[in-house]
Structure formats: structure tokens, C-alpha cells
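Below is one structure, written out as C-alpha cells, with a few remarks after it.
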Amino acid sequence: MFDQGDFIEKTSEQYFDEENNQFLADRYITGTCPHCSNERAYGDQCENCGTTLNATDLINPKSARSGNVPVLKETKHWFLPLDKYENWLKEWIIEGHKDDWKPNVYGQVKSWIDHGLQPRAVTRDLDWGVKVPLPDTDGKVLYVWFDAPIGYISATREWAEQTGANWETWWKDPETRLLHFIGKDNIVFHCIIFPAMLKAEGSYILPENVPAFEFLNLENDKISTSRNWAIWLHEYLEEFPGKQDVLRYVLTSNAPETKDNDFTWKDFQSKNNNELLAIFGNFVNRALVLTQKYFEGKVPEITGLTEEDKKVIDEIGQFPAKISHSLDLFRFREALAEMMNLARLGNKYLTDNEPWKIIKTDVERVKTVLNISLQICANLSIVAEPFLPFTAQRLADLLNLETLKWKDAGNAEILKPGVLLRNPEYLFEKIEDETIAAQVQKLLDTKISNAASTFKAKPSRENIEFDDFAKLDIRVGTIIEAEKVAKTKKLLKLKIDTGIDKRTVVSGIAEYFEPEAIIGKKVSILVNLAPKQLKGIESQGMILMAENSDGTLGFMSPPEGFVNGSEIR
RNA sequence: GGCGAGGUAGCUCAGCUGGUUAGAGCGCAUGAUUCAUAAUCAUGAGGUCGGCGGUUCAAUCCCGCCUCUCGCUACCA
């Protein structure tokens, strides 16, 4: 792309730390916030007032690395001119994929394009990352969303070299269906930036579809590996040995295809016990046990088909197409449910025909019933494979089947009469309440330890003299009135009995306290703070609050029995 | 603040270009059954389709406003 002149070179001014000889990311610059005068604001944001900043907005900027004053210095960057691809993207996605891309993906791409695309820098000044492979580019690396997609290609290439495959088949062959499975937060990268790169380079194919998923939460909270709010696969495999497919099943049936969804352990248990075990596992077990009991485990032959048998066989034939159709449309939940319907068909067929009853009077009929039931099992071993690969293999083994392909499914002649089946084994086992409780407890524990460990107490501020402290006049007071300040999210207007007088204080605590609930509350109040107008109300003082690690607030309440106006020292 | 997606039975979700009693799975209730890991099969009870207003003979589905959730993005002080 560089050789083709696909990039724009642009020079701009950014803060530079002369001592460390590097450009500073916004995060590495601190200074005084121009809005709230907090002296510890970062170059990208002031954590005191929450304002988003540019590094050049800061008053008295300092480098967080050396403590020195950074200087503005010119730096050169390479930009991908996304605007040049706007028309092409419009044609390709807005017109070309109006009907086959998911609404969330299409909508967001359209929104971006409608707003007009800007050239986007693909390099950064950082001392870590993938270096820019050009002369005189010390200290410059590739922007993560420029180098990550290239990483997908490199990874394919590495895999291909190890396995003797041709990586270009996957990325350049027009016959290849390239699909990007991503989360909704990455839509712009996979639908605009990466395709623009591929298009610019010229010899790559484009994704046929980018079916972005929404987000999966865990027990009602955002999944976060850094907060350890996650289910780690290696732990899962140790704690639930042999249950890979259970997790696959639950994740597929809960997949956030159209909106955010929640993974809960209770749901995991219920899907295992009530669906996988009760419907799928149980049906297979019924068929195998009956065959074992009545025919020494040998597949019986068909002795004659009733109308009902023919109907069932016809239904079996429809499953592969139904399932693959759903898969083609990226409706994985639907495909999975359809697969389970085949097991349901089996259960119903057995119950309707009651082989355990007619065995006493009509052995020939039982042969047919069990043959068809076993054919359903055989079909299951094929159509379950995309969702439950381990189970599919175990089931095939139980049936003494060679590995079969998708095209082998859909008929009732997969198992040959006379074939000896293995002894029945359970495909799934019940997951008990205690097991689930333990997993939930494990998560609760991380939540507790998270709260404790991620909280870093701020370093103490500069020392002050006693006289400085003595200037503060803090008193015991009581809230006697409280109401929300209109058109604000955070503010409550409080009337406080300070013992000296009854005064109005506006306090930013509305997110944590209902007005009615705090009337009568004893508080500590700074009474000699200069009055300030907030939302047109004069606030005369300040209520002292403690702020917890998660941002929640609590009153600094005086002990019981202390009267209004008592001094706090 | 702007944009995008979503808000349908207790839970998870379907509902095509608007049209008789809004569907499925799980859960729940009742009945049947006992080959099967108290599994299965049948039947049933659950929804003013987020709220308000509009278009229409007719709206879950179209339009407007509001509200809540998630994502992208911006900016003022």
C-alpha cells in the first residue's frame, strides 16, 4: 500500500518529552484542568470533573514520565484516506448488502458513511508496538486497528506454513466466502477500515458478511477479563471435565444475535438438565437401552412401514436442509433449536409407539420401531456435529458408525441391520445445585476481591499547617428538607439545620439517595464555605461524603446523640 | 448532545412486504405413561407486543414524541 501511494503523510504538533526522547500519549501528560482547576487532570480527560480534554488544553502540562514540561514538536504520521473509499463503500455495503447484512451492522456502517469519512492515522508515536517498516521512523508504530487485521492474515499464513496449506486460498480466492465474526463494538473496523485496506491493496477478497454479535454479559454484569469477571476456559475445562459441549450449547442457545444477552450459571444448569440431558441424551439412551434389552444390542431390521413411520422418515429427511439454511443466515440459535427438534421427534416416536408394551405381542413391529429410532440417533450424530462436536463423535462411536459427512444425513438407512452397538453410556450427566452454587460463589468472591484489590488509595496530598485546617468550620447538622433539582441528574437541594441557622445546600448526591429517604439524617457540614450558585440556587456549605472505590457515596455521619451545631475537629 | 441497534408471555427468543382468537423452547399446572439420568408424551394457564399520540376500514409491524438498555461518536462549560 505504501508503494502504491495509498497513504497521506501529514505533520502536526504534539507534546514531546525531551528527557525521554519520545512523544507523549495524551494519558501521559498531566496538568491543570481548564474547567475545574484540578491539578491532576490527564491529557485525555479530567477525572475530577469528567471532562474530555485535548492534551493541548491543559494548563501547566507536565510529562508523567519525567515530570518535565513537555514541548510541542512536529511529528509526521501516515493516514489512510478513508474519504477516498466512501463512494466505493456506499456501493458495496449500502447498496450491495442492504438485505443480507444484519440491521445493527448495516445501520452503523450507514451512519458512519452518512457522516462522511475522514482520513485516519494508521501510525502512532509509541515506544511499544509494531514498528513502522520505513526509514527514519524511529519511535513510530502501527495503530492497533491497522496492524490487527494484518495480524489475521499473518496468523493464517503461519498456520498454513505449519500445515502445508495455501494461505492465499483463504484471503484471495474469489470462490472463498470470507466471514468476519465480531462483537458490535468492532463494526467500524471490520466494515470500513479493514475493507478499505483490502480494497486499497487490491489483491484481496472482501468479507461476504460481517455478522456482528451484540454483547454477552455474565450474571448481569459486563464481562471483563481485567476485573476477572469472566469464565476462564482453562478453569472451566478443569472444573467441568468432558463438558465442552455443554458450554457450547449454552453459548449458542444464548448467543446475543439481536441484542445483549446474559449468561447465568442457573441457566447453564437448566439447559444442561432440561434440554441436553432430558431431551437429547435421554432419547439416545432410551433407544440404545431398548435395543440392548430386546435385541442384544444389534440393530434390528425394518419389517414393514406404517403410514406414520413413513411420515417420520420424511421428517428426518428435512432436518439437514432446515439446519443448514438457518446456519447460512447466521441464525445459530434457530439452527440449534432445529437440531434439538430431531431429538424431540425421536422421543415422541418412541412414546407414541410404545415398544416396551408391544414387545409382548409383536416383536416384528418393535424391530421396525427401534430401527427407525436408531436411525434418528445416527442422524443426530451428524447434524449435532456443528454444535456439539464431542457429543456427536461419542454418539457415532456408540452406534459403531464411521465418521460421516453432512450429506450422509437425512435418510433412515444410515445404520445397517445387524450392526452391533456399544453398551449404552450417558452423553450428558445431571449438574447439581451445589455445583452451580459453587460457581456463583466463585464469581461473588472475585467481586469482593475486586473491590478490595483494584482500589488504589490516592497518594496523600501536600502537607498543610494546622492553621489551614483550623479554618474549616465543620458542624453537626440535620437534613430537614430534600428535593431533586430540576433538569439535573446529580443534584439535590437540601435544607440543613446547622444549629446556627437553617440553610440551603445543593449537593451532588442524587444518584445515590432518594430525597425522602434522607430527611432526618445527621450529617457533617462545612458551614463556612463561600456560597456558590448552582443551577440558580445558592448553595451555602457542603455536606461531607465518603466516596467508595466504586464511586458510591456515603454520609460522614456524626455519632448518635450529638446535637446540631456541635463542632467537628 | 448526535447516530445506530434493541425494549413481544416468569426466562430466552420468533413474528415475512400492516388483516380473522400474537407464536416457540424452558419454567409452571393438570393428565397419560414407565423403555429411560423423577427423564418422556399430551393438554392447559400466562402477554393492553416499553409509554403517549397520529396515519389507516384495520398496526406488534408505518409516522411523531417520550422513556429505558447497549454500542459508536461529539462537544460545550
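Residue numbers begin at 1 in each chain, while the letters A, B, ... track the order of the sequences.
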Whole-Å distance separating the CG atom of A:L276 from the P atom of B:G25 = 17 Å

task = For A:N347 and A:R344, test the side chains for any donor-to-acceptor distance below 3.5 angstrom and give the result as yes or no.
result = no

note = On a heavy-atom basis, the closest approach of A:I187 and A:A212 is CG1-CB, 3.8 Å

request  = Tell which nucleotide pairs with B:A77, taking only Watson-Crick or G-U wobble pairs whose two distances are both under 3.5 angstrom.
outcome  = none

ask   = For A:I358, which contact category applies under a 4.0 Å heavy-atom criterion: base, sugar-phosphate, or nothing?
value = nothing

key: Who pairs with B:C72 - Watson-Crick or G-U, where each distance is under 3.5 Å   = B:G2

request  = For the pair A:W92 and A:W101, name the ring-plane relationship: parallel under 30°, tilted 30 to 60°, perpendicular over 60°.
outcome  = perpendicular

request  = Indicate, with a heavy-atom threshold strictly under 4.0 Å, whether A:E275 touches base, sugar-phosphate, or nothing.
outcome  = sugar-phosphate

request  = Compare the minimum distances between each of B:C26, B:U34, B:U37 and the side chain of A:K430, then state the nucleotide with the smallest one.
outcome  = B:U37

inquiry  = Heavy atoms from C-beta onward define the side chain here; which of B:U37, B:C72, B:C35 lies closest to that of A:D185?
reply    = B:C72

inquiry  = When you compare the side chains of A:T391 and A:D245, does any donor N or O come within less than 3.5 Å of an acceptor on the partner?
reply    = yes

ask   = A:K266 side chain N/O closer than 4.0 Å to the phosphate oxygens (OP1, OP2) of B:G27?
value = no

ask   = What nucleic acid atoms does A:I279 come within less than 4.0 Å of, heavy atoms only: base, sugar-phosphate, or nothing?
value = sugar-phosphate

message = Regarding A:D328 and A:H325, do their side chains bring together a donor and an acceptor under 3.5 Å, going by distance alone?
response = no

task = Answer yes or no: does atom NZ of A:K110 have more than 12 heavy-atom neighbours from other residues, nucleotides or ligands under 6.0 Å?
result = no

message = Please verify the inter-ring angle class for A:W145 with A:H190; under 30° counts as parallel, over 60° as perpendicular, anything in between as tilted.
response = perpendicular

query = Taking syn as any angle within 90 degrees of 0 and anti as the rest, which one fits B:G46?
reply = syn

query = Would one find a side-chain N or O of A:K222 under 4.0 angstrom from OP1 or OP2 of B:G71?
reply = yes

query = What integer number of Å spans the C1' atoms of B:G18 and B:C62?
reply = 8 Å

Span that lies between the P atom of B:A9 and that of B:A74, in whole angstrom = 36 Å

Residues within residues 257-265 of chain A bordering RNA chain B, heavy-atom distance below 4.0 Å = A:T258, A:K259, A:D260, A:N261

inquiry  = Please pick, from B:A36, B:A42, B:G71, the nucleotide with the shortest atom-to-atom distance to any side-chain atom of A:K348.
reply    = B:A42

remark   = Of the listed B:U40, B:G15, B:A5, the closest approach to the A:R331 side chain comes from B:G15

message = Could you tell me how far B:C72 sits from B:A59 if I compare only their P atoms? Round to whole Å.
response = 38 Å

query = Should B:C49 form a Watson-Crick or G-U wobble pair with both distances under 3.5 Å, which nucleotide is its partner?
reply = none

query = A:L290 side chain: which of B:G4, B:U34, B:C35 is closest?
reply = B:C35

task = Could you give the distance separating B:G31 and B:C11 at their C1' atoms, to the nearest angstrom?
result = 25 Å

query = Quick check: does any side chain N or O of A:R248 sit under 3.5 Å from a backbone N or O of A:P386, one acting as donor and the other as acceptor?
reply = no

inquiry  = Need the pair for B:U60. Rule: Watson-Crick or G-U wobble, both distances under 3.5 Å, any strand; none if unpaired.
reply    = none

message = Run the side chain to side chain donor-acceptor pair (under 3.5 Å) test on A:S111 and A:D114 for me, step by step, so that the C-alpha distance in whole Å, both residues' side-chain angles and the decisive distance to 0.1 Å come before the verdict.
response = CA-CA 5 Å; A:S111 167; A:D114 288 348; over 6 Å; no

request  = Figure out the CG/C1' separation between A:N217 and B:U69, and round it to whole Å.
outcome  = 10 Å

ask   = Contact class for A:Y426 (heavy atom, under 4.0 Å): base, sugar-phosphate, or nothing?
value = base

query = Regarding A:E334 and A:S326, is there a side-chain donor-to-acceptor distance under 3.5 Å anywhere?
reply = yes

query = Quantified in whole Å, what is the C1' atom distance between nucleotide B:A45 and nucleotide B:C28?
reply = 9 Å

key: Sugar-phosphate only, base, or nothing, as touched by A:K110 at under 4.0 Å among non-hydrogen atoms   = nothing

request  = Starting from the 5' end of RNA chain B, give me the residue, A:A287 or A:K184, whose nearest nucleotide shows up first.
outcome  = A:A287

B:G23 to B:G47 separation - P atoms, rounded to the nearest Å = 14 Å

query = Which whole-number value in Å describes the distance from A:N104 CG to B:C72 P?
reply = 13 Å

ask   = Expressed in angstrom and rounded to an integer, what is the separation of A:H325 atom NE2 from B:C16 atom C1'?
value = 12 Å

key: Pairwise P distance, B:A38 and B:G46 [rounded to whole Å]   = 32 Å

Closest to the A:V289 side chain, choosing from B:G4, B:C3, B:C35 = B:C35

request  = For A:A278, report the nucleic acid contact type (base, sugar-phosphate, nothing); a contact means any heavy atom under 4.0 Å.
outcome  = sugar-phosphate

ask   = Which part of the nucleic acid does A:N347 contact within heavy-atom distance under 4.0 Å: base, sugar-phosphate only, or nothing?
value = sugar-phosphate

remark   = When both distances are under 3.5 Å in a Watson-Crick or G-U wobble arrangement, the nucleotide paired with B:G44 is B:C28

Any donor-acceptor N or O pair under 3.5 Å, side chains A:N379, A:Q375 = no

message = On the six-membered ring of A:F215, is A:K184 placed so that its NZ or CZ lies under 6.0 angstrom from the centre and within 45° of the ring axis?
response = yes

inquiry  = From the set B:G25, B:G71, B:U37, return the single nucleotide nearest to any side-chain atom of A:L277.
reply    = B:U37

note = Testing B:G6, B:U40, B:A36 for proximity to the side chain of A:P103, the answer is B:G6

inquiry  = Nearest whole Å is fine: how far is B:A36 P from A:L370 CG?
reply    = 13 Å

query = Rounded to the Å, how far apart are A:Q269 CD and B:C26 C1'?
reply = 13 Å

ask   = Using a cut-off of 4.0 Å on non-hydrogen atoms, how would the nucleic acid contact of A:K271 be classed: base, sugar-phosphate, or nothing?
value = nothing

Short N/O separations, protein against nucleotides 60-67 of chain B, under 3.5 angstrom:
none

inquiry  = If you compare every side-chain N and O of A:R333 against the phosphate oxygens of B:U12 (OP1, OP2), does one of them come in below 4.0 Å?
reply    = no

Complementary nucleotide of B:A14, counting Watson-Crick and G-U pairs under 3.5 Å = none

Earlier contact from the 5' end, RNA chain B, for A:A255 and A:N186 = A:A255

Touch class at under 4.0 angstrom, heavy-atom based, for A:Y106 against every strand present = nothing

message = Say we look at B:A58 and B:U21: how far apart would their P atoms be, to the nearest angstrom?
response = 15 Å

ask   = In the structure shown, which nucleotide is the Watson-Crick or G-U wobble counterpart of B:A36, with both distances under 3.5 Å?
value = none

inquiry  = Under a 3.5 Å cutoff, is there a donor and acceptor pairing between the side chains of A:Q108 and A:N104?
reply    = no

remark   = Of the candidates B:C41, B:U73, B:A5, the side chain of A:D352 sits closest to B:C41

request  = To the nearest Å, give me how far apart NE2 (A:H190) and P (B:G4) are.
outcome  = 23 Å

request  = Output the single nucleotide from B:G27, B:U37, B:U12 whose closest atom is nearest the side chain of A:N274.
outcome  = B:G27

task = Kindly say whether A:G281 contributes a backbone atom to a donor-acceptor pair with the side chain of A:N285 at under 3.5 angstrom?
result = no

